[in-house]
Undergrad: 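Could you have a look at this structure, given as structure tokens, before my questions?
Proteins come first, then strands; the chains are lettered A, B, ... in the order of their sequence lines, and each starts at number 1. Basis for what follows: all heavy atoms, side chains included, without hydrogens, waters or symmetry-related copies.
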Amino acid sequence: MAEQAKSPPKLGIAARAMQALGGAPAPDYLAALNPEQRLAVETLHGPVLVLAGAGTGKTRVLTTRIAHILRLGRAHPSQILAVTFTNKAAREMKHRIGEMVGQIVEGMPWLGTFHAIGVKILRRHAELVGLKSNFTILDVDDQIRLIKQILEAANIDEKRWPARIFAGILDGWKNRGLTPDQVPAGEAMAFANGKGKELYAAYQERLKTLNACDFGDLLLEQLRLFRHHPDVLADYQRRFRYILVDEYQDTNVAQYLWLRLLGQPRSNTTAVIPARREAAEPESRTGNDGLRVRAEDGAPRNDDISGPARTLRNICCVGDDDQSIYGWRGAEVDNILRFEKDFPGATVIRLERNYRSTGHILAAASHLIAHNEGRLGKTLHTEDVPGEKVTVTGAWDSEEEARAIGEEIEQLQRKKHKLDEIAILVRASFQMREFEDRFVTLGLPYRVIGGPRFYERAEIRDALAYLRVINQPADDLAFERIVNVPRRGLGDATVKQLHDHARMSRVPLTEAARAMIETDELKPKPRGALRDLMTAFDRWRTQAAHLPHTELAEIVLDESGYTEMWQKDRSADAAGRLENLKELVRSMQDFENLNGFLEHIALVMDRDADGITDAVSIMTVHSAKGLEFDTVFLPGWEEGLFPHQRSLDESGRAGLEEERRLAHVAITRARKRAKIYFATNRRMKGLWNSTIPSRFLDELPEAHVEVTEAKGGFGGMGGYGSMGGMRGAFGGNSRFDNFAPAASSYATPGWQRAQKRQRDDDAFGGFGDEASEYESAARYANDDEGLSGSAYSVDSPPPLRGRVREGGDFSPRPGSHSSRGAGASRGRFAARREPLTIEGELVAKSTGVSSAFARGDRVFHIKFGNGNVVAVDGNKLTIQFDKAGEKRVVDSFVERV
DNA sequence: GATGCAACGCTTTTT
DNA sequence: GCGTTGCATC
């Protein structure tokens, strides 16, 4: 029965599955599926590829399939391997399966991320790959510090060959499943004059001494394990009767190989040993400094992987080639495009009925993505109403864009839309700031998703380092991190001595330290400090045995002086850091012991959303994948930003297609409203650039898109059409060429005045044209020098703004904002705010209720820290922050201290 | 060991 | 423009 035709009659399969159920009527969970979904759930034999377009019920299929397998008794929970990319996805799956099966699925030990499963397997067989089962998992920070040490030891100038770059290269190799000896000679040449390979080998060796793995190793070491120990592999192949993979389009080569190994027929294990495959792209990742990494040898791909699996195994991959947006970190769309070749006899099922978005949105997204060539092709359709058209709105600059979006959100809010159902999805994270600033002013609750994660904060890592040393004394990286934090007189000199000693005796640093306390190599002062520290660690280790780990953490933070260090720190974020430490201890409660906790944080770097009840979400398009909202705002659709210039430069056509997929992902996040924006001027890297609308806008179907009219203000701005000339250089006209910036918010007297002044002045048009033409020409000549040369300088913001500022009453207050550092942002903020206040906008937005705060109050703001209230205006406070300077904020954002 | 200044870089991000 | 980082200096 393995020999099913590729396109079996759909009902046949379903019917057969029904028979398997003994002719009983389909259970509820099946009845709720559409025919294709049902086929995907019920095709339980042989490889299955489910191409699940956005919003077609992908997760539902996966979870139902698992529930179905369990219900039919085809496998025990422990015989199902289900892999996801993120912990979030894993959690969600577990939850939903539990709901369906009607109980908590404790018994699904092999449902998790690639990495979590990797750790589990590696811990069991650690000794077979040269590790001990309590090995540490290094995060990126540790990894870079380790590389630095390796580079130093090899006498490589870190200036010329930065550790970060090498970390990137290493990552690339590991993503492709390459061990040091497998690195193509050409690529190895590219770093440090051909030392790449050696360095990689040295790094791996060092990891072994540290009894540690980096993230890449969690996969790579498994490949090694399986290849060198076929018996172990066979054992897992036997165990996993069903394999399910989520987001298959995001798998990298290493993950692909891993799946191939596990998904292969058992008999075939010996054929696999030399498995190796080059990256799909002939030309690939680039470093800086002209460091081009190429796959020099055009080795035929995939030829050394064992031939087609002879016996079909039950592997089911779910993915969407149109949502592959992680090529830059090693994902290979190719894996999904080639599934049928890799797994002959595979059943391919397309899920094309979309349950998420209304008609216009879906049509717009489909039309856009149809411009891509390398795709399997799906046609999404919906039975939903057409709904609202996708809107495209032009804004003068990014500030106005933020203002217009803010306004639209307030309108939605007035119509009782939930803020939780609104998201702003940006291409690059620097775009977020503009919105944050705007929302703080408006008093609009928002949450930023992504950004520095909880466990990446310095204070958290420090605290963890202490715990890591207690847990595993050989953890040199952790030890080094905190040996002099807080300062205890163990500076670089002492640490270097420790290092020397450790290297000579080939022992971990802690051991070296222990030895050196007994000798008089060290000066008395550091020696004493070191002895104290080691005694403390001994004590904590003893306590660890009988105290609850949360208590231990508190003791350690306290006795080490770490808490005190932050208490004494007077900077704005010290309070937040202490709060984070408390949160850390709190979060430890969820774990049985220190070990479990440390493992969790190494792998589960995600943090649950903060407690804000109803708020607009701001995030990158990347982090929005998998999410959905009623209303989605998509700012920044401009050439150079979206599609991103670097993506085009580095990956050419493939890059453009990935950007287009990203745009497709962005639009398909919307259920009811997708609102696209572009600005004609944007500041990037400190310079104002005039920009042209994204080519993706032209690729949207006119019938489903509404180009919103400027609502007054800039009506008569034919003269602004500087973009016609720019398009000339670009080739072909865009219907957005003469687009007037949206000015919905500019019906204010101030703007009318500014506009009038500008018209009277009439000098602006010429300037705009000239600069823009030069700029776009330079851009398409792909000449970076020219590009920055053509951009407006920092001192001359885009023409209109410049005019406004220069016009007497709008100029920033002199003197008061001139301080540097943190004050700089204040200057930026205040200079812009001022005119708005004058024009009464802020007053108009005030609730009228007098604030609970008074002048002189000492307050705390989550973002800006502590400060003093210098003025109160309704619910708007002007606060002089200690660190962040003077800002106007809404009172609900601060609390009294 | 703290402080200050110059230099760098700046898409997307999980584990 | 702005935040981070590394080095030099006191």
Undergrad: Compare the minimum distances between each of dT12(B), dT15(B), dG1(B) and the side chain of Phe215(A), then state the nucleotide with the smallest one.
TA: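 When the side chain of Phe215(A) is considered, dT15(B) is the closest of dT12(B), dT15(B), dG1(B).
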
Undergrad: Flag as yes if Phe114(A) stacks onto the base of dT15(B) (centroids under 5.5 Å, planes under 30°), otherwise no.
TA: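 Per 5.5 Å and 30° rule: no stacking.
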
Undergrad: So what does Val140(A) hit on the nucleic acid, given a heavy-atom distance under 4.0 Å: a base, only sugar-phosphate, or nothing?
TA: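 Base contact - Val140(A) has a heavy atom under 4.0 Å of at least one base atom.
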
Undergrad: Applying side-chain hydrogen bond (donor to acceptor under 3.5 Å, both in side chains), can you list everything that pairs with Gln323(A), at least two apart in sequence or on another chain?
TA: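 For Gln323(A) the side-chain hydrogen bond (donor to acceptor under 3.5 Å, both in side chains) partners, ignoring immediate neighbours, are Asp320(A), Arg669(A).
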
Undergrad: Taking CG from Asp217(A) and P from dT14(B), how many angstroms apart are they, rounded to a whole number?
TA: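 Between P of dT14(B) and CG of Asp217(A): 20 Å.
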
Undergrad: Separation of Phe642(A) atom CZ from dT12(B) atom P, in whole Å?
TA: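 After rounding, the gap between these two atoms is 13 Å.
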
Undergrad: Restricting to side-chain hydrogen bond (donor to acceptor under 3.5 Å, both in side chains), what partner residues turn up for Glu92(A), sequence neighbours left out?
TA: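 Checked Glu92(A) against side-chain hydrogen bond (donor to acceptor under 3.5 Å, both in side chains); matches are Arg96(A).
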
Undergrad: Categorize Gly489(A) for me: base, sugar-phosphate, or nothing, with a 4.0 angstrom heavy-atom threshold over every strand shown.
TA: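 Sugar-phosphate only.
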
Undergrad: Without decimals, in angstroms, what is the distance between Asp171(A) CG and dT13(B) P?
TA: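 Taking atom P of dT13(B) as the reference, CG of Asp171(A) is at 15 Å.
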
Undergrad: Ignoring the backbone of Thr620(A), work out which of dT12(B), dT14(B), dG1(B) is nearest its side chain.
TA: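 Ranking dT12(B), dT14(B), dG1(B) by closest atom to the Thr620(A) side chain puts dT12(B) first.
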
Undergrad: Listed by chain and number, what are the side-chain contact (heavy atoms from CB on, under 4.5 Å) partners of Ala458(A), not counting sequence neighbours?
TA: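 With sequence neighbours excluded, Ala458(A) shows a side-chain contact (heavy atoms from CB on, under 4.5 Å) to Arg481(A), Arg577(A), given in chain and number order.
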
Undergrad: I want to confirm an ordering. Mapping Glu658(A) and Asn484(A) to their closest nucleotides on DNA chain B, which one lands closer to the 5' end?
TA: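 On the 5' side of the pair lies Asn484(A).
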
Undergrad: Could you state the atom-to-atom distance from CZ of Arg427(A) to P of dT13(B) in whole Å?
TA: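 Whole-Å distance recorded here is 9 Å.
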
Undergrad: Would you say a side-chain N or O of Ser429(A) is under 4.0 Å from OP1 or OP2 of dT12(B)?
TA: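 Looking at the OP1 and OP2 atoms of dT12(B), one of them is under 4.0 Å from a side-chain N or O of Ser429(A).
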
Undergrad: State, without any angle test, whether Tyr248(A) and Asn335(A) hold a side-chain donor-acceptor pair at a distance under 3.5 Å.
TA: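 The answer is no; no qualifying pair exists.
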
Undergrad: Among dG1(B), dT13(B), dT15(B), which is the nearest nucleotide to the side chain of Arg487(A)?
TA: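 Selected nucleotide: dG1(B).
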
Undergrad: Would you say a side-chain N or O of Asn87(A) is under 4.0 Å from OP1 or OP2 of dT15(B)?
TA: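 Asn87(A) to dT15(B) OP1/OP2: side-chain N or O found under 4.0 Å.
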
Undergrad: Measure from the ring center of Trp328(A) to the ring center of His622(A) and say whether it is less than 6.0 Å.
TA: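 So the answer is yes for these two rings.
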
Undergrad: Look at the side chain of Thr86(A) and decide which nucleotide, out of dT13(B), dA2(B), dT14(B), has an atom nearest to it.
TA: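 Among the listed nucleotides, the one closest to the side chain of Thr86(A) is dT14(B).
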
Undergrad: Let's see if you can work this out: which of dG1(C), dT14(B), dT12(B) has an atom nearest to the side-chain heavy atoms of Arg329(A)?
TA: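 Among dG1(C), dT14(B), dT12(B), the one nearest the side chain of Arg329(A) is dT14(B).
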
Undergrad: Without decimals, in angstroms, what is the distance between Leu687(A) CG and dG1(C) C1'?
TA: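 It is 9 Å, rounded to the nearest whole Å.
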
Undergrad: Rounding to the closest angstrom, what is the interatomic distance between dC2(C) and dT13(B) at atom C1'?
TA: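 22 Å, rounded to whole Å.
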
Undergrad: Of the options dG1(C), dT12(B), dT13(B), whose atoms approach the side-chain atoms of Arg683(A) most closely?
TA: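 Nearest nucleotide to the side chain: dG1(C).
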
Undergrad: Please give, in whole Å, the distance from dG1(C) P to Glu434(A) CD?
TA: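 Between P of dG1(C) and CD of Glu434(A): 14 Å.
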
Undergrad: Rounding to a whole Å, what distance do you find between Glu247(A):CD and dT13(B):P?
TA: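 Checked: the CD to P distance equals 15 Å.
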
Undergrad: Measure CZ/Arg164(A) against P/dG9(B) and give the value in whole Å, please.
TA: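 It is 8 Å, rounded to the nearest whole Å.
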
Undergrad: If you only use heavy atoms from C-beta on, which nucleotide in dG1(C), dA2(B), dT13(B) is closest to the side chain of Ser623(A)?
TA: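 Between dG1(C), dA2(B), dT13(B), the one nearest the side chain of Ser623(A) would be dT13(B).
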
Undergrad: Kindly give the atom pairs (protein nitrogen or oxygen, nucleotide nitrogen or oxygen) under 3.5 Å for nucleotides 4-9 of chain C.
TA:
unit_1 : atom_1 : unit_2    : atom_2 : d
dG6(C) : OP1    : Lys148(A) : NZ     : 3.0

Undergrad: Could you tell me which residues satisfy side-chain hydrogen bond (donor to acceptor under 3.5 Å, both in side chains) with Glu638(A), sequence neighbours excluded, listed by chain and number?
TA: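 Residues passing side-chain hydrogen bond (donor to acceptor under 3.5 Å, both in side chains) with Glu638(A): Arg682(A).
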
Undergrad: Assign the ring pair Tyr677(A) / Phe633(A) to parallel, tilted or perpendicular, where the plane angle (0 to 90°) is split at 30° and 60°.
TA: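 Aromatic pair Tyr677(A)/Phe633(A) classed tilted.
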
Undergrad: Among dT13(B), dG1(B), dT15(B), which nucleotide sits nearest the side chain of His622(A)?
TA: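 That would be dT13(B).
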
Undergrad: Please name all residues satisfying side-chain hydrogen bond (donor to acceptor under 3.5 Å, both in side chains) with Lys174(A), sequence neighbours left out, ordered by chain then number.
TA: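 In terms of side-chain hydrogen bond (donor to acceptor under 3.5 Å, both in side chains), with neighbours along the sequence ignored, Lys174(A) is linked to Gln204(A), Asp214(A), Asp217(A).
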
